[in-house]
Protein chains: 2
Amino acid sequence: MKRETLKGHLDLLLLAVVGAGAAHGYHIARRLAEASGGTLDLPEGTLYPALHRLESKNLLSSSWDTVGGRRRRVYDLTPEGKDALARERLEWGSFAQAVESVLDTV
Amino acid sequence: MKRETLKGHLDLLLLAVVGAGAAHGYHIARRLAEASGGTLDLPEGTLYPALHRLESKNLLSSSWDTVGGRRRRVYDLTPEGKDALARERLEWGSFAQAVESVLDTV
DNA sequence: TCCCTACTCCTAGTCATACGAGGTATCAAC
DNA sequence: GTTGATACCTCGTATGACTAGGAGTAGGGA
């Protein structure tokens, strides 16, 4: 996939995954890869800064957890995050439809 | 629309519009706005640099035209542009489907 | 014992590119 | 003579995905 393809759509994906249930970073990445049939395989340098950004925007909240000696940061949606997810879904819908229309029409 | 939404997908749209018939910049923008029901309304600071970029990558070719005293630069697809368009269509398809899968699955 | 794989997190710097703001010029219509 | 549509351009900025590095835990195989 091209370098810029994901830009502007990553937040939607992360919010959607976390919206389906609290999860830690590594787990989010695997859920995403799985749900997309391997197409969406995020490098860590993409994943973690994005999660931090969403937390600093108050769309996600996090807490540390330790399982089997390993530390994890578990993320969950805030109420604002839920709203943002709904908005982003709508935006994606209209964008995707606009692109499809162009591809069909022209 | 968010500032970054279009990133990585603009080339596809421009190639698709020109692929349907040679056109000059202003006309491309209007075809795009029309075909997308107004969703895709490119500012000129987006449109023209993108067209120049595509030409410098040899995906578009251009020639000057004068109609009613006004100069226009008319763009057409090169053979490489046709190939790129086909590739970009496929990429869009798999990306869009991956996103939809994530939104549906999770 | 050592190593490799899987797990789990982090950050500094780079690069590509959409966009805002500003500029130029023609023509028709009011 | 001013406005609005047509038609093009470029410079600078901001954003954000990614590369490349680093850190540590745990388990299994050689």
Side-chain angles (χ1 to χ4, degrees), chain A residues 1-15 22-34 36 39-57 59-60 62-75 88 91 95 98-99, chain B residues 1-15 17-18 22-34 36 39-57 59-60 62-75 88 91 95 98-99:
Chain A
M1 214 161 49
K2 268 190 318 186
R3 193 189 177 86
E4 307 286 335
T5 307
L6 212 52
K7 258 192 190 162
H9 306 289
L10 179 57
D11 291 3
L12 165 64
L13 295 167
L14 297 179
L15 292 173
H24 61 280
Y26 196 82
H27 187 39
I28 292 170
R30 284 203 285 107
R31 287 229 287 242
L32 219 39
E34 209 178 308
S36 70
T39 304
L40 265 21
D41 188 11
L42 301 189
E44 303 184 353
T46 295
L47 177 66
Y48 293 109
L51 289 172
H52 298 159
R53 199 170 54 235
L54 290 172
E55 186 171 18
S56 81
K57 284 204 253 177
L59 304 181
L60 293 180
S62 76
S63 58
W64 283 101
D65 186 20
T66 304
V67 174
R70 291 202 192 88
R71 289 190 330 154
R72 301 163 163 182
R73 199 201 276 257
V74 178
Y75 291 92
E88 296 254 10
E91 264 211 43
F95 173 68
V99 174
Chain B
M1 212 161 49
K2 269 189 319 186
R3 192 189 176 84
E4 307 287 335
T5 306
L6 212 54
K7 261 193 188 162
H9 306 289
L10 179 57
D11 291 3
L12 165 64
L13 294 167
L14 297 179
L15 291 173
V17 169
V18 177
H24 61 280
Y26 196 83
H27 187 38
I28 292 170
R30 285 203 285 105
R31 287 230 286 242
L32 218 39
E34 207 178 308
S36 69
T39 305
L40 267 20
D41 188 12
L42 301 188
E44 301 184 354
T46 295
L47 176 66
Y48 293 110
L51 290 171
H52 297 338
R53 199 168 55 235
L54 290 172
E55 186 171 18
S56 81
K57 284 203 253 178
L59 304 181
L60 294 180
S62 77
S63 59
W64 283 100
D65 186 20
T66 303
V67 175
R70 292 204 191 86
R71 290 191 328 154
R72 301 163 164 184
R73 198 202 278 257
V74 178
Y75 291 93
E88 296 254 10
E91 264 211 43
F95 173 68
V99 173

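Residue numbers start from 1 in every chain, and the chains themselves are labelled A, B, ... in the order their sequence lines are given, proteins ahead of strands.
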What's the NE2-P distance between B/His24 and D/dT6, to the nearest Å? 9 Å
Could you state the atom-to-atom distance from CG of A/Leu13 to C1' of D/dG16 in whole Å? 15 Å
Among residues at least two apart in sequence or on other chains, which ones pass salt bridge (charged side-chain N to carboxylate O under 4.0 Å, His left out) with A/Arg73? A/Glu55
From CZ of B/Arg72 across to P of D/dT6 the rounded distance in Å is 11 Å
Assess whether side chain to side chain contact (heavy atoms under 4.5 Å, CB included) is satisfied between A/Phe95 and B/Met1, documenting all intermediate values. CA-CA 8 Å; A/Phe95 173 68; B/Met1 212 161 49; 3.8 Å; yes
Residue met sooner reading DNA chain C from 5', once A/Gly25 and B/Asp11 are mapped to nucleotides: A/Gly25
Return the value, rounded to whole Å, for the distance between atom NE2 of B/His9 and atom C1' of C/dA18. 12 Å
A/Thr39 versus B/Val99: any side-chain heavy-atom pair under 4.5 Å? no
For residues 40-53 of chain A, tabulate all N or O donor-acceptor pairs below 3.5 Å that involve a side-chain atom, not counting sequence neighbours.
residue: A/His52; atom: ND1; partner: A/Tyr48; partner atom: O; Å: 3.4
residue: A/Arg53; atom: NH2; partner: A/Asp11; partner atom: OD1; Å: 3.4

What is the distance, rounded to the nearest whole Å, between atom CG of A/Leu51 and atom P of D/dC18? 13 Å
Starting at NE2 of B/His27 and ending at C1' of D/dC8, how long is that distance when rounded to a whole Å? 16 Å
Within the 4.5 Å heavy-atom criterion, are A/Arg72 and A/Tyr26 side-chain neighbours or not? no
Quick one: on DNA chain D, does B/Arg73 or A/Met1 contact a more 5' nucleotide (nearest heavy atom)? B/Arg73
What's touching nucleotides 11-16 of chain C from the protein side, N or O pairs under 3.5 Å?
residue: C/dA16; atom: O4'; partner: A/Glu4; partner atom: OE2; Å: 3.4

To the nearest Å, how far apart are A/Leu60 CG and C/dC9 P? 13 Å
So do the side chains of B/Leu6 and B/Leu13 get within less than 4.5 Å of each other, counting heavy atoms only? yes
Students often get this wrong, so: under 4.0 angstrom with heavy atoms, is A/Arg70 touching a base, only sugar-phosphate, or nothing? base
Quick check on side-chain contact (heavy atoms from CB on, under 4.5 Å): which of A/Lys7, A/His9, A/Glu4, A/Lys2 does B/His9 satisfy it with? A/His9
I need the CH2-P distance between A/Trp64 and C/dT8, as an integer number of Å. 12 Å
